Amino acid sequence: MAQFKELVFSGVQPTGNLHLGNYLGAIVKFVELQKSHDCIYCVVDLHAITVPQDPVQLTSSIREVTAAFIACGIDPKAHIIFNQSQVPEHAELAWVFNCVARLGWLNRMTQFKEKAGKDRENASVGLYAYPALMAADILVYRATHVPVGEDQKQHLELSRDIAQKFNNDFSESITRTGFGDAFFPLPEPLIQGPATRVMSLRDGTKKMSKSDPSDYSRINLTDDADAIAQKVRKAKTDPEPLPSEEEGLKPRPEADNLVGIYAALSGTTKAAVLQEFGGAQFSTFKSALVDLSVARLGPIGAEMKKLTGDPAYIDSVLADGSERAGAIARKTMDAVKDILGFIRH
Ligand code: AMP
Ligand code: TRP
């Protein structure tokens with residue numbers, strides 16, 4: 001297959017309460033990848049409206065995610081930070097992909113089933129078509145690598161299926177228009193490390209999520225030191241001391257989760273954490289986890305507050321990023337129109 005230049009793309013929804021799961025599952029990786037790759041990071045406002053949003057709240061959430069990206073260390077000059085709605089090619093390519101993807105493929109998406117719940121008839125068409133828009137986000141830049149949390153794995157597989165089917169369905173036209181044997185790369189998910197699925201602090205079998213009604217279930221990036229300490233101390237555990245081997249975490253989801261969080265925050269592995277804390281009581285381990293969490297997250301929260309206090313700066317970052325992203329996306333969309341046989345004026 002054709003060679004594609006390596007490019008990283010990922011997105012985060014502006015739906016409030018960015019938390020430790022978003023940070024460890026996604027944003028930490030975004031930051032690391034800047035060293036080795038060109039990166040495009042998107043605030044996916046079009047995805048946010050697949051469920052109802054309050055417009056005033058949405059505006060501030062878009063700024064908050066942008067501020068989090070910058071506060072966590074993404075460089076908006078060396079790379080690209082922008083909001084999805086400002087590059088219309090995302091929605092345009094999503095329409096093409098709606099015509100490539102099969103109903104049967106979308107019917108298998110577990111996130112739709114979870115989010116639509118029992119009242120599926122009342123879910124928006126956008127919520128159903130959401131993964132085709134996600135494929136368009138990635139492929140409008142012909143991006144090759146996508147850092148995400150474990151919950152996005154199935155959507156990434158669908159993106160690969162869409163890219164593959166487009167390449168197959170239009171293979172002759174792709175060659176004729178000068179793009180060789182494949183127009184889209186098959187984007188690779190990057191899902192690695194000890195915290196690809198951070199669980200709720202109240203229930204080790206449930207994902208940490210922005211929408212959990214209990215604020216004690218998650219650590220928000222904007223939480224101050226006191227809030228972080230309280231939430232870690234109240235986190236659900238079991239009465240046993242920590243095991244010395246990873247195997248011992250298997251039947252203990254809450255212990256597994258806290259050890260994974262500690263490992264990810266300190267840039268090591270669960271095995272290494274257990275070497276240090278095996279046999280320790282949770283009270284000891286939680287104190288260490290509070291110190292580590294506050295040391296890592298405290299400065300991010302403070303920087304986010306500073307940045308959101310200057311919306312004009314945030315908006316200027318998004319405007320600059322949207323312009324640079326748009327220039328790339330337009331080229332891809334022109335080529336797609338040529339491949340499809342549309343007449344361009
Ligand atoms: P979202 O908030 O749904 O837009 O998610 C943004 C990114 O954070 C995606 O890459 C998700 O996979 C990741 N993410 C969300 N929740 C978690 C979690 N509990 N654990 C690990 N990664 C997560
Ligand atoms: N669906 C992703 C989530 O909920 C967000 C997202 C939208 C995304 N477009 C993307 C992630 C493209 C990676 C690449 O977390």
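Only a predicted model underlies this, so the values are computations on that prediction, with no experimental measurement involved. Order of appearance sets the numbers: ligands from 1, and atoms from 1 within every ligand.
- Counting heavy atoms from C-beta on, the side chains of Phe97 and Leu139 come closer than 4.5 Å.
- In terms of polar-atom proximity, defined here as any N/O pair under 3.5 Å, Val198 does make such a contact with ligand 1.
- For Phe282 and Phe277, the ring centers sit 6.0 Å or farther from each other.
- Which of Phe9, Tyr130, Tyr141 comes nearest to atom 12 (C) of ligand 2 through a heavy atom is settled by distance: it is Phe9.
- The shortest N/O to N/O separation between Gly149 and ligand 1 falls below 3.5 Å.
- For atom 6 (C) of ligand 2, the closest heavy atom belonging to the protein is Gly11 O, 3.8 Å.
- Given atom 7 (C) of ligand 1, the protein heavy atom at minimum distance is Ala26 CB, 3.7 Å.
- The protein atom (non-hydrogen) at minimum distance from atom 10 (C) of ligand 2 is Met134 CG, 3.5 Å.
- Atoms of ligand 1 lying under 4.0 Å from any heavy atom of Arg197, numbered from 1 in the order shown and given with element: 20 (N), 21 (C).
- Side-chain atoms of Ser217 do not come within 3.5 Å of backbone N or O of Pro213 as any donor-acceptor pair.
- Taking the centre and axis of the six-membered ring of Phe4, the NZ or CZ atom of Arg142 falls outside the cone set by 45° and 6.0 Å.
- Looking at Asp169, Asn168, Asn167 one by one, the single match for side chain to side chain contact (heavy atoms under 4.5 Å, CB included) with Lys165 turns out to be Asp169.
- Contacts of Thr196 with ligand 1, taken as heavy-atom pairs under 4.0 Å, involve the backbone alone.
- Distances between N or O atoms of Asn22 and those of ligand 1 include at least one value under 3.5 Å.
- Heavy-atom proximity to Lys207, at under 4.0 Å, picks out these atoms of ligand 1: 19 (N).
- The shortest contact between atom 1 (P) of ligand 1 and any protein heavy atom is with Lys210 NZ, 3.6 Å.
- With ligand atoms numbered from 1 in the order given, ligand 2 contributes 13 (C), 14 (C) to contacts under 4.0 Å with heavy atoms of Val146.
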Salt bridge (Lys or Arg N to Asp or Glu O under 4.0 Å) evaluation trace for Asp315 with Arg63: CA-CA 8 Å; Asp315 294 1; Arg63 292 194 179 118; 2.8 Å; yes
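- Counting only heavy atoms of the protein, atom 16 (N) of ligand 1 lies nearest to His19 CE1, 3.6 Å.
- With hydrogens left out, the protein atom closest to atom 9 (N) of ligand 2 is Asp137 OD2, 2.7 Å, a heavy atom.
- Counting the atoms of ligand 2 from 1 in the order shown, those under 4.0 Å from a heavy atom of Val44 are 7 (C), 9 (N).
- Grouping the Ile, Leu, Val, Met, Phe, Trp and Tyr side chains by contacts below 4.5 angstrom, directly or via other members, places Tyr141 with Phe184.
- Residue Pro14 forms a side chain to side chain contact (heavy atoms under 4.5 Å, CB included) with just one option from Ile49, Asn83, Leu58, Thr59, and that option is Leu58.
- Contact annotation for Met208 and ligand 1: heavy atoms of both the backbone and the side chain come within less than 4.0 Å of the ligand.
- Tyr41 and Phe9 have their aromatic ring centers separated by at least 6.0 angstrom.
- Across Gln152, His47, His155, heavy-atom proximity to atom 15 (O) of ligand 2 is greatest for Gln152.
- For atom 11 (C) of ligand 1, the choice among Asp151, Leu190, Asn257, Val148 with the nearest heavy atom turns out to be Asp151.
- You'll find the side chain of Ser266 reaches within 4.5 Å of the side chain of Leu292, heavy atoms only.
- Counting heavy atoms closer than 4.0 Å to ligand 2, residue Asp151 contributes nothing at all.
- Leu156 and Leu190 fall into different hydrophobic clusters, where Ile, Leu, Val, Met, Phe, Trp and Tyr side chains are chained together by heavy-atom contacts under 4.5 Å.
- Between Phe30 and His37, the distance separating the two ring centers is not shorter than 6.0 angstrom.
- Formation of a donor-acceptor pair under 3.5 Å by the Arg102 side chain with backbone atoms of Cys99 is found in this model.
- A 4.5 Å side-chain heavy-atom check between Asp256 and Pro251 finds every atom pair outside the cut-off.
- Proximity to Gln152 (heavy-atom distance under 4.0 Å) selects the following atoms of ligand 1: 12 (O).
- Within ligand 2, the atoms closer than 4.0 Å to a non-hydrogen atom of Ser10 are 11 (C), 13 (C), 14 (C), numbered from 1 in the order shown.
- Heavy atoms of Ile138 found under 4.0 angstrom from ligand 2 belong exclusively to the side chain.
- At under 3.5 Å, a nitrogen or oxygen of Gln13, whether backbone or side chain, sits near a nitrogen or oxygen of ligand 1.
- Atoms of ligand 1 found under 4.0 Å from any heavy atom of Gly25, numbered from 1 in the order shown, are 21 (C), 22 (N).
- Interface of Val148 with ligand 2, defined as ligand atoms under 4.0 Å from a residue heavy atom, comprises 11 (C), 13 (C).
- Residue Gly21 has at least one N or O atom closer than 3.5 Å to an N or O atom of ligand 1.
- Stacking of Lys337 on the aromatic ring of Phe342 is not recorded, the 6.0 Å distance cut-off and the 45° axial limit not both being met.
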